[in-house]
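Residue numbers start from 1 in every chain, and the chains themselves are labelled A, B, ... in the order their sequence lines are given, proteins ahead of strands.
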There are 2 protein chains.
Amino acid sequence: MATGRTHRPATRSRGIPEATVARLPLYLRALTALSERSVPTVSSEELAAAAGVNSAKLRKDFSYLGSYGTRGVGYDVEYLVYQISRELGLTQDWPVVIVGIGNLGAALANYGGFASRGFRVAALIDADPAMAGRQVAGIAVQHSDELEKIISDNGVSIGVITTPPGVAQQVCDRLVAAGVTSILNFAPTVLSVPDGVDVRKVDLSIELQILAFHEQRKAGEETAGEDAVAASVPKETPKGPDGDVPVVMPA
Amino acid sequence: MATGRTHRPATRSRGIPEATVARLPLYLRALTALSERSVPTVSSEELAAAAGVNSAKLRKDFSYLGSYGTRGVGYDVEYLVYQISRELGLTQDWPVVIVGIGNLGAALANYGGFASRGFRVAALIDADPAMAGRQVAGIAVQHSDELEKIISDNGVSIGVITTPPGVAQQVCDRLVAAGVTSILNFAPTVLSVPDGVDVRKVDLSIELQILAFHEQRKAGEETAGEDAVAASVPKETPKGPDGDVPVVMPA
DNA sequence: ATGTCTTTGTGAACGCGTGCACAAAGATGG
DNA sequence: CCATCTTTGTGCACGCGTTCACAAAGACAT
């Protein structure tokens with residue numbers, strides 16, 4: 001492994017684990033903060049703490065990118081910011097369209113985090129004629145009839161869907177047909193897309209349900225000792241000592 | 001089944017894999033849709049397709065909950081809806097507070113997906129005195145001075161943070177101190193919490209950066225064939241024209 | 001130059017999650 | 001009651017991701 005000088009990529013290029021890719025933005029954020037404070041170098045231990053991960057994991061993650069870092073010293077902050085940015089493709093400009101300008105779409109349009117990192121809101125699109133022409137976050141909303149033209153004129157490859165679930169799939173289909181190959185979906189629907197198109201979904205309802213599961217578990221463990229009743233908070237007797245015979249039986 | 005009797009949980013209660021928990025809401029959504037169409041039973045194959053997962057995975061997931069399902073027939077939709085709801089803790093009411101009523105907070109308050117599944121917005125909280133008293137989504141915004149009182153009066157255990165990143169940690173600390181044990185964080189910051197408190201984060205910026213990575217990769221592969229081999233499977237040299245010798249070197 | 005001390009980079013072991021493939025369960029028809 | 005056919009539930013193997021633990025690399029002081 002990089003026995004010597006030739007800081008050559010080695011493993012590099014291909015084969016960066018998906019889990020690592022998902023953490024790179026986290027590291028980048030922490031590094032950017034350090035950069036703004038003019039911190040020159042940082043150790044894997046410090047950076048890991050700032051990013052909320054294990055230091056060994058961080059070092060292994062970085063090892064997939066190459067051998068940046070100096071033993072006994074740590075990592076050069078600016079250099080690492082550049083390398084990660086380049087790896088993530090943030091050194092170029094990514095025009096993005098947001099389809100569905102309701103509450104959420106408008107919130108995203110106003111979200112500063114977009115522009116900060118190479119992403120530019122190229123257009124806001126909505127199916128409601130009444131929305132067309134209105135300004136949201138300083139950008140004029142365009143009608144969805146223009147969707148295909150907007151995509152191709154601006155060379156958009158990333159689309160954000162914030163429409164109601166009922167129309168998400170057809171919006172998705174149109175985006176893909178027009179040339180979009182990456183979609184961030186906020187609609188609570190499973191989107192089907194052809195190979196080669198990436199979809200990531202953000203679903204609040206699901207996140208809350210996962211939290212509820214763990215919350216219920218915590219509550220259940222507290223009152224686990226007492227079975228019958230008790231339970232200061234009417235917790236429904238989750239499943240304590242079991243005894244949960246199906247209340248409803250299928251036909 | 002429904003043969004009733006022995007169907008004892010077995011593995012049940014404890015030990016449901018995290019990955020499975022994360023998919024239960026997905027199944028539940030698909031099942032609810034089937035229920036509304038009055039579909040009585042569904043096979044693992046059909047349900048898996050609707051939820052966008054592998055059918056073997058789905059069956060294994062359900063096996064952690066117990067042996068619901070009838071061989072040769074499939075699963076009883078209503079029964080399964082009930083079982084998953086109960087497992088996720090959705091048969092009870094979860095009061096939730098949203099802290100930080102900016103664009104995003106307001107969007108979430110208006111989001112219908114909340115109320116639909118056992119979650120109830122108990123309060124909207126903001127630090128801006130000018131916001132206090134204003135109605136958002138039919139709920140009066142309260143000042144953050146009231147935070148502790150609101151939490152305890154309503155028995156809130158789930159908090160949603162939609163504040164600017166700078167104050168997210170202190171809001172988090174106050175929520176936890178007041179008794180909140182599950183947090184959904186939309187602020188782009190790493191939150192540190194004591195053991196026993198769950199945090200899930202939703203970060204648009206990170207999602208976009210992950211998409212950008214894959215997008216760049218795709219673009220790189222397209223132009224990769226032009227140098228050496230036509231390579232039916234252009235796996236190597238994914239980073240464009242390459243030639244990416246470190247442009248900046250660390251000190 | 002040499003020794004010491006810090007921190008990286010990674011081999012290796014482990015655990016979780018996924019998917020295959022099939023035996024067992026039970027419905028259905030004759 | 002038996003045969004057949006469908007679909008579940010799961011044993012097993014594999015691959016990915018995480019973590020430990022340590023040798024090697026290099027900075028720094030003497």
Side-chain angles (χ1 to χ4, degrees), chain A residues 1-12 14-24 26-27 39-77 79-80 83 210 250-251, chain B residues 1-12 14-24 26-27 39-49 51-77 79-80 83 210 249-251:
Chain A
M1 42 311 318
T3 340
R5 49 205 69 275
T6 49
H7 266 180
R8 226 62 271 298
T11 324
R12 205 18 180 353
R14 215 244 302 3
I16 297 179
E18 194 54 35
T20 295
V21 173
R23 281 188 294 267
L24 291 181
L26 229 50
Y27 302 144
V39 176
T41 62
V42 66
S43 71
S44 63
E45 204 71 50
E46 295 167 321
L47 185 54
V53 303
N54 180 298
S55 70
K57 192 187 295 187
L58 178 143
R59 288 197 299 277
K60 180 145 289 192
D61 283 342
F62 286 174
S63 78
Y64 293 118
L65 307 184
S67 268
Y68 312 135
T70 308
R71 296 175 192 229
V73 176
Y75 299 90
D76 182 274
V77 173
Y79 185 59
L80 207 43
Q83 289 298 341
I210 294 172
Chain B
M1 66 127 93
T3 0
R5 55 207 73 273
T6 18
H7 272 175
R8 232 59 278 295
T11 324
R12 209 13 185 352
R14 192 42 71 358
I16 297 179
E18 194 55 35
T20 295
V21 173
R23 280 188 294 269
L24 290 182
L26 228 50
Y27 301 145
V39 176
T41 62
V42 64
S43 70
S44 63
E45 204 71 50
E46 295 167 322
L47 185 54
V53 304
N54 180 296
S55 70
K57 193 187 296 185
L58 177 144
R59 287 197 300 275
K60 182 148 290 190
D61 283 342
F62 286 175
S63 78
Y64 292 117
L65 306 184
S67 268
Y68 313 134
T70 307
R71 298 178 190 225
V73 176
Y75 299 91
D76 182 274
V77 173
Y79 185 57
L80 207 43
Q83 289 298 340
I210 294 172
M249 282 305 288

Is the phosphate of [N], meaning OP1 or OP2, less than 4.0 Å from a side-chain N or O of [X]?
X	N	result
B:Arg23	C:dT18	yes
B:Tyr75	D:dG9	yes
A:Lys60	C:dT10	no
A:Ser43	C:dT7	no
B:Ser44	D:dT8	yes

Task: 5' precedence on DNA chain D between B:Gly74 and A:Glu18 (nearest-nucleotide basis) - done: B:Gly74
How about [X] and [Y]: do any of their side-chain heavy atoms sit closer than 4.5 Å?
X	Y	result
B:Leu24	B:Leu65	yes
B:Leu80	B:Phe62	yes
B:Thr41	B:Tyr75	no

Open item on the list: Considering every strand and a 4.0 Å limit on heavy-atom distances, what is the contact class for A:Glu45: base, sugar-phosphate, or nothing?
Closed with: nothing
Open item on the list: Between A:Tyr68 and A:Tyr79, does the ring-ring contact (aromatic ring centres under 6.0 Å, His included) criterion hold? Intermediate values first, please.
Closed with: CA-CA 8 Å; A:Tyr68 312 135; A:Tyr79 185 59; 5.2 Å; yes
When the distance from [atom1] of [X] to [atom2] of [N] is rounded to whole Å, what number comes out?
X	N	atom1	atom2	result
A:Tyr68	C:dG9	OH	C1'	14 Å
B:Leu65	D:dG9	CG	C1'	13 Å
B:Arg59	C:dA21	CZ	P	13 Å
A:Arg71	D:dA27	CZ	P	12 Å
A:Phe62	C:dT8	CZ	P	10 Å
A:Leu58	C:dT7	CG	P	14 Å
A:Leu80	C:dT8	CG	P	11 Å
A:Lys57	C:dT7	NZ	P	21 Å

- [ ] Side chain of B:Thr70 only, please: which of D:dC20, C:dG26, C:dG9 is the nearest?
- [x] C:dG26
- [ ] Go through D:dG9, D:dT19, D:dA21 for me and flag the one nearest to the A:Asn54 side chain.
- [x] D:dT19
Open item on the list: Reading DNA chain C from 5' onward, which residue's closest nucleotide shows up sooner: A:Asp61 or A:Gly72?
Closed with: A:Gly72
Task: Distance, nearest 0.5 Å, that separates CD of B:Glu18 from CZ of B:Arg23 - done: 10.5 Å
